[in-house]
Amino acid sequence: MVDKWLENIKKCKSSTNLDDIRIKILGKNGELTNMFADMKNIPNENKKEFAKNLNEQKINITKAIEGRKISLIKQETKRKLKSSAIDVSKYNMPPDIGALHPITSTMNQIINYFTSLNYEVIDGPLIEDDFHNFEALNLPTYHPARDMQDTFYFNDNKLLRTHTSPVQIRTMLTQKPPIRMIAPGKVFRRDFDITHTPMFNQVEGLVVQDEGHISFANLKHTMQEFLINMFGDVDIRFRPSFFPFTEPSAEVDISCPFCQQKGCQICSKTGWLEVLGCGVVDQNVFEKVALKNCSGFAFGLGVERFAMLLHKIPDLRTLFQSDVRLLRQFR
Ligand code: PHE
C-alpha cells in the first residue's frame, strides 16, 4: 500500500491533483485514515505496534506530499511567470516619428546654402553690450532703434541683442580679412502683434576683403542667387533703404508666392514681400573695429519670415504655439 501511495505522489503532475491524492489517502474517508478504524479488530497486545506502524506511515506520506507540493508549486510558478511575462521589446504601435520645427528646418536650409559657399557659421552672445549692438554699428545714441520701445535693457549697458549684426563686430574684432561668415540666432525686441514676436530668429551675413573691391554688384548677385535657391522661380527687386551700418543699403522683396502678385492679405495687396535687408559695409563701421582699406557687404534676414513663405504659413503666431498638429505636417 505505502509503496503505491508514494509512487502516485511521485508521479503526480499538478498541485490540484496532489491535493486529490492527499484526500484519497489522508482525508476523512481516506485509505490510511480508514486503516486506523481497523484498530478495533486488532488483538490488544498488537494494538500498540499496529498504531505505531500506522503513525509512521502517516508521517512518511505527509512528508512526501509536502515535499512534492513544494516542487510542483515551484514548477507551476515558473511556468506561469514565463507565459505572462511582458516582452518590452515587442512593441506593436508604430514609432511616433518626430519632425523638425519649420523654423529649425528653414534655418538649416539657409545655413546649408551658405556653408556650401564656404561661409563660416559664427555664434554670438544673446546678452550684448551697447558697443557691439549699437555703437560699433554706427548707431548713434539718438537713433530710434535704441529707444526703450524696441530694446530689452538689463541696465544702461547690458541688453538682449536686437539683431545678429553685433556678431559682425565680434568677428571683425577677432579675425583678419578675408571674412566670409553667417551668424544665425535669436534676437529680441519689445514688439508684440500679429506680425511681431518679442523673440525671433535672424541670419546675418558678412563678407569683408582687404584686397580688391567688394561692390554692391557682388552683394546683389549673392542675394539673387540665394533667394532663387530658396524660393525658386520668383521675381526679385531691390529697394533703396537705410541702415546705419551699410551704405548704400537696400531692402529686398520677392514676388508674393501666395497670390502670384494678384494682391492678397499677406502681401498687403502689393504683390511683393520684403525678405531681407542688406548693404555695402559703411566705412564708419570699419573704423570702429580698426580695419583699414577694407570693403564688404552685409545682409540680415528673418528666419520666421522665410519659414512662413516657404511653407505658406499665413500666421506668424502658429510658429510659436507649440501645437503638435503643425509639426505633424512636417514629418
Ligand atoms: N540688422 C538689420 C536688422 O535687424 C538687418 C541688416 C543686416 C541690414 C545687415 C543690413 C545689413 O533689421
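Sequential numbering from 1 along the given sequence is applied to the chain's residues. As the structure is a prediction and not an experimental result, all values here were calculated from the model. Atoms within a ligand are numbered from 1 in the order they appear, just like the ligands themselves.
Atom 5 (C) of ligand 1 has Gly300 CA, 4.0 Å as its closest protein atom, hydrogens excluded (heavy atom only). Looking from atom 2 (C) of ligand 1 to the surrounding protein, the closest heavy atom is Phe245 CZ, 3.8 Å.
Checked by atom type and distance alone, the side chain of Gln202 pairs as donor or acceptor with a backbone atom of Thr164 at under 3.5 Å. Within the 3.5 Å criterion, the main-chain N or O of Asn118 finds no donor-acceptor partner in the side chain of Thr115. Within the 3.5 Å criterion, the main-chain N or O of Arg237 finds no donor-acceptor partner in the side chain of Asp253.
In summary, the atoms of ligand 1 found under 4.0 Å from a heavy atom of Phe243, numbered by their order in the structure, are 8 (C), 10 (C). Interface of Glu204 with ligand 1, defined as ligand atoms under 4.0 Å from a residue heavy atom, comprises 7 (C), 9 (C). Atoms of ligand 1 lying under 4.0 Å from at least one heavy atom of Ser165, given by number and element, are 1 (N), 7 (C).
Looking at Gln168 next to ligand 1, no N or O pair under 3.5 Å apart turns up. For a threshold of 3.5 Å applied to N or O pairs, the pair formed by Thr162 and ligand 1 contains no separation below that value.
With a heavy-atom cut-off of 4.0 Å, Arg189 touches ligand 1 through its side chain alone. Under 4.0 angstrom from ligand 1, the non-hydrogen atoms of Phe299 all belong to its backbone.
Residue Phe245 is tested with His143, His132, His163 for a ring pair (Phe, Tyr, Trp, His ring centres under 6.0 Å); the sole match is His163.
Geometrically, Lys158 does not engage Tyr153 in a cation-pi contact defined by less than 6.0 Å to the ring centre and at most 45° from the axis.
Of the options Gly302, Cys278, Ala183, Ala250, the smallest heavy-atom separation from atom 10 (C) of ligand 1 is shown by Cys278.
The pair Arg170-Glu128 meets the salt-bridge criterion, since a charged nitrogen lies less than 4.0 angstrom from a carboxylate oxygen.
Judged by distance alone, the side chains of Glu304 and Thr197 never bring a donor and an acceptor atom under 3.5 Å apart.
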